[in-house]
Structure formats: C-alpha cells, structure tokens
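To keep things clear, I will list the structure first and then write my remarks on it.
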Amino acid sequence: MLKIAKFGGSSVANANQFKKVKKIIQSDSSRRFVVVSASGRESKEDNKVTDLLYLIEAHLKYSVDYIPLFELIKERFLSIKKELHLQYPIEEDLAQLQSELRKSMSTDYLVSRGEFLTAKLMAEYLGFPFVDAKDIISFRYDGKIDYDLTKLRLDHFLKNHDCFVMPGFYGSLPDGTIKTMSRGGSDITGSILARLLDADMYENWTDVSGILMADPRIVKNPKRIHTITYSELRELSYMGASVLHEEAIFPVKEKNIPINILNTNHPEEGGTIIVDEIKNDDSDQIITGIAGKKNFSVVAIYKNHMSDEIGIVRRALEVFENYRISIEHVPSGIDSFSIVVNTDDVKDVIYDIVSDIKKACNPDKVKVIDHISLISTVGRQMIYRPGISGKLFAVLGKNEINIRMIAQGSDEINIIVGVENKDFEKTISAIYNSFVIQ
C-alpha cells in the first residue's frame, strides 16, 4: 500500500499543526511521500506566507518598505523552529532570501519560497529527506508538465531514498528557472507524484472533513459526501464548491487513483473519497451535492423563424469571442436562445456586444437580464430516477422562486437553474431540504 500525503497551508500553519501532521504520518507506514504547501493562516486575522510574499513583490515594485512584511514571515518560521526544537539553519535561508529581494527578481522564485522553507522544516521534523521540487517537477516551455523527465528525476532520487518531503506549487523549466503553478497548485504536485509512483491513494489533508453536500453558510450542518466521482466533483468545483484544485484531478484520473479529502485537525472523522466510477452504487441519496454562483448576465436573443436560419447562434457566439468573453451556457428555444456570461466579464462592454449582435444576427429583440445566480444540482443517480427535474421545479415553485433559466448537461448528472440573486440562498436551501435524506 502506498499513499501520497499532501498537507495544505492550514495544516502547517504553526508548530501545533506540525505535530498533528507528524502524528498522521507516524500512524500509517504507507505515508512515505509528503507534499506541503506554504505555511497558512493560524487564524482569520492572520496572513498566509504566500500572500505576504506577493505583497512583498508589490512593495518592491512601488519602492515601499517591505521589511515589516518580511519580519512577519521570519517570525513565523523561527517560531516553528524554536517550538519544535529543530536544528535546520533556516535563519541562513531567510537572510539569503532577504539579500536577493529586488524589483527585478522572478515572481515565481519569490513566491515559491513559502513552500520551500515550510518543507525544509517539515523534513527535519519528520526525519525524512528533503527533495526540492525544482529538481523533480519538470515543466516544458509551454507550461505543461514533462512527465517523462519528471519520472526520470524521481526514479533517480528514489535509488537512494524510500521517502521524502517535497514542497508543492512549483517546479522548474528546462533551463532550471523556477516555475510556479496557479494558486493551490500544491494539490497538483501531490497528484503528479501519485500518478508517477502508482500510488494506491492520494490523500489531500486540509481543514475540512471532506466535501459537504452544500455550503454550510447557507445550509445548517449539511451532510458530508462520502464518495463522489471525478465528473461530479468537476461540476461542483466549477460552481464554487472547491476544497481541491480542479487541475489536481487529471493526473490521477488517468490511472484511476482515488483521492481522499481529509481533515488534519480531525483525522478520525473520515473524509470524501473521489473516484473515477462507482460500481454497484446502492446509495439512496439521489443527489450528490448542490453548489452555485451569483452575478451572471443572460443575453437573450429573439427572432421569428430562428430555427430555419443557419448560423445565427455561431454569429452571436463570435461576437463574444471577439471580446474574449467566456460563455457559461447557451440554452435555446424555437425562436430564441440565450447566452449566459459572468457579469464582471461584460460589464464594461455589454452595450458594444448588444450592438454587434444586432449587426451580426438582425434579431427582432435583444434583452439583457442581470443579477442572475446559477445553481447546479449534481448527482450520478439522477439519470436513473425519472421525474427528478419535475420534482426540482415543483419545489422551487412551492417556495415562490422564479426560474429564469434551465440547462442540463448531456451526461445528465446535473441540472442547472438560473434564479435571481435575491433567491440564491433560498433556492439552495429548498433543493437541499427536499432531496437530501436526513
């Protein structure tokens, strides 16, 4: 049995969290390869080390004093070292970093130092070898991972080691330059290692006990999702229910390696297992989860006999493409169709877009509807249960919620409804209370 264990920023925020990590690692001998994020927040008022590093970069750019920010970072790492009685000379690394700070320094190098320094301390504390991500994780110049070279480097290191601690979030380009991933990229690092090491499980340790069926700020004490498919997670993550970087799914999905989302503070609570497919699924729960986002705009285009006109949808979509606007959904009727976009993306150009659509499509009417929320009800079981859509719409009608838009994915694992922003929380609560078996 082999598990890759990745610990997020909250799991390595201070010495006490380090102790929890060590207990988790020592409780299972199959956890031999550890990935860590940069030290995160100790409390809501606290700062993540990575955020502080980005702030330092901004201060350098505008010639503002960065010393108070650097002192906060220094204090964090020295505090962890002192409380855990570690020997690693992290003061030298911090002094070296401070001496390198200048306007021209690489952003990727600067912000990667949070993971680097956290991993240095964690490696000593666990008694594991440290391996720098830049010496293993290899990027091509197009920004994609070079899996062959990464595997070669990993195998070379493992000739002399059977465990390690590695910083997440970054790797190196062919010329050795540090390259970071997008924020939350340590999740991807762990996933890459799980794939290349043919792990049996990729554990992602964070500050929540798995993925909840709905936002706990909206639904009181929502149930935990015990098992979810990659496809369902993608749907929920896209709508904002994210405890895992969505790009972390792809490296392990190809090899069908399960991901387990677990809580460093409460490992006994279990978590959420993410798998490619659930066979012999006997769950009574029709839906897996509900998630949504506010502030979309619907551009509705009306034209008589539209169904007889070839290319009208394409011409409308090209208008948005010309403005580099991403499309969310395109629900359609016989004489109308709508294009759903993020309001922030179009707020400065919406009048130009409408004008261009009128020129390109010669419609009878174009209407823009703002303040729309999209809510996705996701469940692999829905395809096998007739009448789910009818029940959902009946529930919303009973709660006097006006549905402005309806869309369903071709794989039939989700139903998306558009409602007014003011009904966002009410809609999620109504769906949850109607579909979730208590």
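Nothing fancy with the numbering, it's 1 onward along the sequence. What you are looking at is a predicted structure, and each value in this text was computed from that prediction instead of being measured.
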Evaluate the salt bridge (charged side-chain N to carboxylate O under 4.0 Å, His left out) criterion for residues Glu318 and Arg314: first the C-alpha distance (whole Å), next the side-chain angles of each, then the deciding distance (0.1 Å), finally the verdict. CA-CA 6 Å; Glu318 281 179 349; Arg314 174 185 54 78; 3.2 Å; yes
Pair Met239, Ile416 - check side chain to side chain contact (heavy atoms under 4.5 Å, CB included), show working. CA-CA 10 Å; Met239 280 297 183; Ile416 296 169; 4.3 Å; yes
Less than 4.5 Å apart, any side-chain heavy atom of Asp135 and any of Phe157? no
Taking C-beta and beyond as the side chain, do Glu328 and Val341 meet within less than 4.5 Å on heavy atoms? no
Of all heavy-atom pairs between Ile4 and Leu197, which one has the smallest distance, and what is that distance? CD1-CD1, 3.7 Å
Just jot down the side chain to side chain contact (heavy atoms under 4.5 Å, CB included) partners of Ser355, sequence neighbours excluded, or say none. Lys359
Drop me the distance from Ile56's CD1 to Asp51's CG, to the nearest 0.5 angstrom. 11.5 Å
Going by heavy atoms in the side chains, are Leu152 and Asp148 under 4.5 Å from each other? no
Could you tell me whether the side chain of Met201 reaches within less than 4.5 Å of the side chain of Leu2, counting heavy atoms only? no
Describe, in one word, how the ring planes of Phe70 and Tyr66 are oriented to each other, choosing from parallel (under 30°), tilted (30 to 60°) and perpendicular (over 60°). perpendicular
Within a radius of less than 6.0 Å around NE2 of His371, do more than 12 heavy atoms belonging to other residues, nucleotides or ligands occur? no
Hey, what do you get for CZ (Phe128) to NE2 (His161), rounding to the nearest 0.5 Å? 12.5 Å
Check: Phe164 ring centre within less than 6.0 Å of Phe33 ring centre: yes
What I'd like to find out is whether the side chain of Asn260 reaches to under 4.5 Å of the side chain of Asn204, using heavy atoms alone. no
Distance-minimising heavy-atom pair for Ala194 and Val252: CB-CG1, 3.8 Å
Against the six-membered ring of Phe139, is Lys144 placed for a cation-pi contact (under 6.0 Å from the centre, within 45° of the normal)? no
Do Lys103 and Ser63 have side-chain atoms, one donor and one acceptor, less than 3.5 Å apart? yes
Side chain to side chain contact (heavy atoms under 4.5 Å, CB included) partners for Val243, two or more places apart: Val208, Ile211, Ile261
Can you list the steps and then say if Ser106 with Asp108 is a side-chain hydrogen bond (donor to acceptor under 3.5 Å, both in side chains)? CA-CA 5 Å; Ser106 156; Asp108 286 24; 5.1 Å; no
Do NZ/NE/NH1/NH2 and the carboxylate oxygens of Glu309 and Arg315 come within less than 4.0 Å? yes
Just how far is it from atom CD1 of Ile339 to atom CD1 of Ile357, taken to the nearest 0.5 Å? 5.5 Å
Classify the ring geometry of Phe7 against Trp205: parallel below 30°, tilted from 30° to 60°, perpendicular beyond 60°. parallel
Could you state the interatomic distance from NE2 (His245) to OG (Ser186), rounded to the nearest 0.5 Å? 9.5 Å
Under 3.5 Å, is there a donor on one side chain and an acceptor on the other for Asn265 and Gln17? yes
Taking NZ, NE, NH1 and NH2 as the nitrogens, is one of them in Asp93 or Lys120 under 4.0 Å from a carboxylate oxygen of the other? no
Only counting residues at least two apart or in another chain, list the ones meeting side-chain hydrogen bond (donor to acceptor under 3.5 Å, both in side chains) with Ser336. none
From CA spacing to verdict: side chain to side chain contact (heavy atoms under 4.5 Å, CB included), Asp46, Arg76: CA-CA 11 Å; Asp46 194 21; Arg76 174 76 63 87; 2.8 Å; yes
To the nearest 0.5 angstrom, please state how far the CG atom of Asp345 sits from the CD1 atom of Ile327. 9.5 Å
Before giving the answer on side-chain hydrogen bond (donor to acceptor under 3.5 Å, both in side chains), spell out for Asn263 and Ser209 the whole-Å C-alpha distance, their side-chain angles and the decisive distance to 0.1 Å. CA-CA 5 Å; Asn263 191 339; Ser209 299; 3.1 Å; yes
Heavy-atom side-chain contact between Met382 and Ile413 under 4.5 Å: no
Distance col, row Ser172:OG vs Arg153:CZ, nearest 0.5 angstrom, shows 4.5 Å
The single option from Lys82, Lys81, Lys74 that satisfies salt bridge (Lys or Arg N to Asp or Glu O under 4.0 Å) with Glu91 is Lys81
Hey, are the side chains of Leu233 and Leu244 touching, using non-hydrogen atoms and a 4.5 Å cut-off? yes
Can we say Glu42 and Lys48 salt-bridge, meaning some charged N sits less than 4.0 Å from an Asp/Glu carboxylate O? no
Under 3.5 Å, is there a donor-acceptor pair linking the side chains of Ser39 and Thr118? no
Looking at every heavy atom in both Val12 and Ser37, which two are closest together, and how far apart are they? CG2-O, 3.6 Å
Short side-chain donor-acceptor distance under 3.5 Å, Gln96 and Glu100: yes
Nearest atoms (heavy-atom pairs only) where Arg41 meets Ala13: O-CB, 3.4 Å
Distance to the ring centre below 6.0 angstrom and angle to the axis at most 45 degrees; does that hold for Arg140 and Tyr147? no
When you compare the side chains of Thr288 and Glu232, does any donor N or O come within less than 3.5 Å of an acceptor on the partner? yes
Please walk me through it: do Lys255 and Asp198 pass salt bridge (charged side-chain N to carboxylate O under 4.0 Å, His left out)? CA-CA 8 Å; Lys255 289 201 171 183; Asp198 287 315; 2.6 Å; yes
Would you call Asp155-Lys151 a salt bridge at under 4.0 Å N-O? yes
Sorted by chain and residue number, the salt bridge (charged side-chain N to carboxylate O under 4.0 Å, His left out) partners of Lys293 (sequence neighbours excluded) come out as none
For Asn421, the option from Asn295, Thr343, Asp370 that meets side chain to side chain donor-acceptor pair (under 3.5 Å): Asn295
Within a radius of less than 6.0 Å around NZ of Lys23, do more than 12 heavy atoms belonging to other residues, nucleotides or ligands occur? no
Shortest non-hydrogen contact from Ala5 toward Ile25: CB-CD1, 4.2 Å
List for me each residue that meets side chain to side chain contact (heavy atoms under 4.5 Å, CB included) alongside Asp28, sequence neighbours excluded, and say none if there are none. Lys3, Ser30, Arg31
Between Tyr230 and Glu277, does the side-chain hydrogen bond (donor to acceptor under 3.5 Å, both in side chains) criterion hold? Intermediate values first, please. CA-CA 8 Å; Tyr230 293 125; Glu277 186 182 356; over 6 Å; no
Quick one: are Arg404 and Ile369 in side-chain contact, heavy atoms under 4.5 Å? yes
Just one of Arg234, Arg380, Glu235 clears the side chain to side chain donor-acceptor pair (under 3.5 Å) bar with Asn414, so which one? Glu235
For residues 347-354, tabulate all N or O donor-acceptor pairs below 3.5 Å that involve a side-chain atom, not counting sequence neighbours.
none

